[in-house]
Amino acid sequence: MRSLNGLDSAALRPLWRAVHDRLSSGRPVSRVKVGPLDEEERSAVADLLGADRLPGRYATVSVVGLDELLRESVEAGVREVVVALLGPLDDLAGRRALATGARSELWAWLAGHPVVVAQPALLEWVDAVRRAGLVGGSVERTGDGLDRALRVVAALPATGVPLPVLAEAVLSDPHALDEGTRCAGLVLRALAALYGVDPPGDAQERRALWERAGVVEDELSPVVLVAGLRLGGVGGGVLRVCADAGHVAALTLAQVRATSFVGAPGNAWVFENPSVLAVAVARFGASCPPVVCTSGWPNSAVIVLLRGLAAAGATLRYHGDFDGEGVRIAAHVVARTGAVPWRMATGDYLSALGGARVGTSVGRVTEAPWDDGLADAMREHGLAVPEERVTARLLDELDECGRDVGRLP
């Protein structure tokens with residue numbers, strides 16, 4: 001490259017800047033528009049191009065022609081000249097492609113996250129997060145925030161702990177879930193999607209949603225209904241007395257925590273609705289098999305009890321309503337306690353439905369992680385099957401397979 005003397009004049013700077021910007025786009029460039037130009041700049045451009053008259057305030061310059069002119073005069077192409085004068089070219093198109101790829105990878109990671117896969121109701125939250133876009137335009141910052149939120153969701157429902165305790169245990173920061181933080185907002189919107197409710201609009205609704213997820217200030221409010229279960233400890237004493245009398249026990253979270261799970265039964269049957277427990281104790285009395293009720297969405301007392309049974313070796317067999325919310329509750333219990341869906345497959349739904357043509361709507365249906373065909377069948381028929389409709393059939397099966405009453409050795 002020959003000397004660039006004369007090409008680096010201030011009067012030609014607008015031309016080189018315009019060419020540099022266009023070439024930095026990463027796209028093919030044939031012409032460059034320069035301007036507005038003052039009288040001196042117009043004269044400098046005309047002299048460089050060998051034009052017989054001055055251009056207007058805006059000039060359109062052929063990149064190919066300029067490249068040929070520069071190669072003849074300084075033995076360097078237009079790219080080499082603008083790089084020498086203004087520095088390296090950018091590749092905006094390439095960077096945009098990389099950014100697009102990074103965003104796609106982020107959303108694919110989010111939709112395929114184990115927490116989301118285990119509870120497909122969260123896909124609604126995934127869509128909302130994606131529509132909201134990146135935080136500050138940053139894929140990395142957005143991904144970090146979503147990872148933190150998903151770690152919290154994975155730890156819920158909690159076992160009746162205060163919010164700062166949960167935040168410290170999961171995120172190593174007692175203030176990470178304080179009111180108004182982005183992480184708290186993400187988690188609450190995820191819980192709203194999971195439970196099928198509107199996102200909380202005020203402080204009272206936010207507290208109620210946290211409490212529903214087991215983040216509470218006391219150990220007395222959450223209660224779990226149990227029948228036919230005999231364990232040790234303070235809570236186990238309550239269970240034994242009620243089981244021997246053929247009654248349902250109502251254990252607080254504090255009592256569950258004071259329970260010893262030594263001697264847990266091989267199987268525990270978990271139902272969504274309290275009416276099933278009422279029918280079970282009426283039928284079996286003091287010989288009732290171990291049954292637990294989630295009473296809809298399980299609270300912290302339910303989760304602590306089920307996890308304790310599972311840790312002691314019990315197989316949790318879960319059954320609930322065949323409707324949209326019932327499937328979401330089932331997915332939640334399975335994901336959080338390791339329970340096994342019991343009589344919750346497509347064939348069970350169709351058998352329970354029979355030839356019914358009218359009934360309660362299934363509502364909003366999300367996928368069932370344990371059966372790919374269940375959601376489609378429910379959408380096709382559109383009718384719910386409440387657990388109460390099949391209670392007698394379920395209890396017959398418990399009677400036939402033998403009743404492990406879980407007595408202490």
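Predicted, not measured: the structure shown is a model, and the values here were computed from it. Along the sequence shown, residues are numbered consecutively beginning with 1.
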Quick one: does any side-chain atom of [X] pair with a main-chain N or O of [Y] as donor and acceptor, under 3.5 Å?
X      : Y      : value
His381 : Leu350 : no
Glu41  : Pro14  : no
Arg22  : Lys33  : no
Thr181 : Ala176 : yes
His20  : Pro88  : yes
Ser351 : Gly347 : no
Trp370 : Met344 : yes
Glu387 : Asn273 : yes

Next on the checklist: Heavy-atom count check: over 12 atoms from other residues, nucleotides or ligands less than 6.0 Å from Arg31 CZ?
Outcome noted: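 Atom CZ in Arg31 is not packed in, count stays at 12 or less.
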
Notebook entry, point to check: Counting heavy atoms not belonging to Glu40, are there more than 12 under 6.0 Å from its CD?
Noted result: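 No, not enclosed.
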
Value rounded to 0.5 Å, distance of [atom1] in [X] from [atom2] in [Y]:
X      : Y      : atom1 : atom2 : answer
Asp372 : Glu367 : CG    : CD    : 7.5 Å
Leu163 : Glu211 : CG    : CD    : 11.0 Å
Asp244 : Leu239 : CG    : CG    : 10.5 Å
Thr294 : Leu306 : OG1   : CG    : 8.5 Å
Leu156 : Leu166 : CG    : CG    : 5.5 Å
Leu188 : Cys183 : CG    : SG    : 9.5 Å

**Item:** Pairs touching residues 157-185 that satisfy ring pair (Phe, Tyr, Trp, His ring centres under 6.0 Å), sequence neighbours left out
**Value:**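 Not a single pair qualifies under ring pair (Phe, Tyr, Trp, His ring centres under 6.0 Å).
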
| query | When the ring planes of Phe271 and His319 are compared, do they come out parallel, tilted or perpendicular, using 30° and 60° as the limits? | reply |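 Plane angle between 30° and 60°, so tilted.
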
All pairs passing side chain to side chain donor-acceptor pair (under 3.5 Å) where [range] contributes a residue, at least two apart:
range            : result
residues 136-156 : none
residues 105-122 : Gln119-His332
residues 121-137 : Glu124-Arg364

- Applying salt bridge (Lys or Arg N to Asp or Glu O under 4.0 Å), which residue pairs with at least one partner in residues 172-191 are found, sequence neighbours left out?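 Sorted result for residues 172-191: Glu179-Arg206.
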
* **Contacts of type ring pair (Phe, Tyr, Trp, His ring centres under 6.0 Å), residue Tyr195, not counting sequence neighbours** =>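 In terms of ring pair (Phe, Tyr, Trp, His ring centres under 6.0 Å), with neighbours along the sequence ignored, Tyr195 is linked to Trp297.
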
_Test of understanding: with ring pair (Phe, Tyr, Trp, His ring centres under 6.0 Å), list the residues that count as partners of Tyr349, not counting sequence neighbours._
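Tyr349 satisfies ring pair (Phe, Tyr, Trp, His ring centres under 6.0 Å) with Phe322 only.
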
Taking the side chain as every heavy atom from C-beta outward, state whether [X] and [Y] have any atom pair closer than 4.5 Å.
X      : Y      : value
Val78  : Val19  : yes
Pro265 : Leu229 : yes
Val276 : Leu394 : no
Arg283 : Asp396 : yes
Thr259 : Val238 : no
Val152 : Leu171 : yes

| field | Criterion side chain to side chain contact (heavy atoms under 4.5 Å, CB included) on Val291 and Leu398, from CA distance to verdict | value | CA-CA 10 Å; Val291 290; Leu398 263 65; 4.3 Å; yes

(request) Apply side chain to side chain contact (heavy atoms under 4.5 Å, CB included) to the pair Leu106 and Leu134, showing each step before the final yes or no. (result) CA-CA 10 Å; Leu106 171 66; Leu134 302 178; 3.7 Å; yes

[X] versus [Y], closest heavy-atom pair with distance:
X      : Y      : value
Leu122 : Ala190 : CD2-O, 3.4 Å
Gly160 : Val216 : CA-CG2, 3.3 Å
Val215 : Ala158 : CG2-CB, 4.2 Å
Leu191 : Ala213 : CD1-CB, 3.8 Å
Ala377 : Thr346 : CB-CG2, 3.8 Å
Leu277 : Ala227 : CD2-N, 4.3 Å

List the steps and the verdict of side chain to side chain contact (heavy atoms under 4.5 Å, CB included) for Leu150 and Leu110.
CA-CA 9 Å; Leu150 285 166; Leu110 180 59; 3.8 Å; yes

With [X] via side chain to side chain contact (heavy atoms under 4.5 Å, CB included) - residues at least two apart:
X      : answer
Ala345 : Asp348, Asp371
Asp323 : Asp321, Glu325, Ala384
Ser295 : Leu225, Pro274, Cys293
Ala258 : Val234

Could you go through residues 311-318 and list every donor-acceptor pair under 3.5 Å that involves a side-chain atom there, pairing it with any protein atom two or more places apart or in another chain?
from: Arg317; atom 1: NE; to: Asn267; atom 2: OD1; distance (Å): 2.9
from: Arg317; atom 1: NH2; to: Asn267; atom 2: OD1; distance (Å): 3.2

Can you tell whether the side chains of Arg379 and Asp376 come within less than 4.0 Å, N to carboxylate O?
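Salt bridge present between Arg379 and Asp376.
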
Output, in order, the C-alpha distance, side-chain angles, deciding distance and verdict of side chain to side chain contact (heavy atoms under 4.5 Å, CB included) for Thr366 and Leu123.
CA-CA 9 Å; Thr366 49; Leu123 288 171; over 6 Å; no

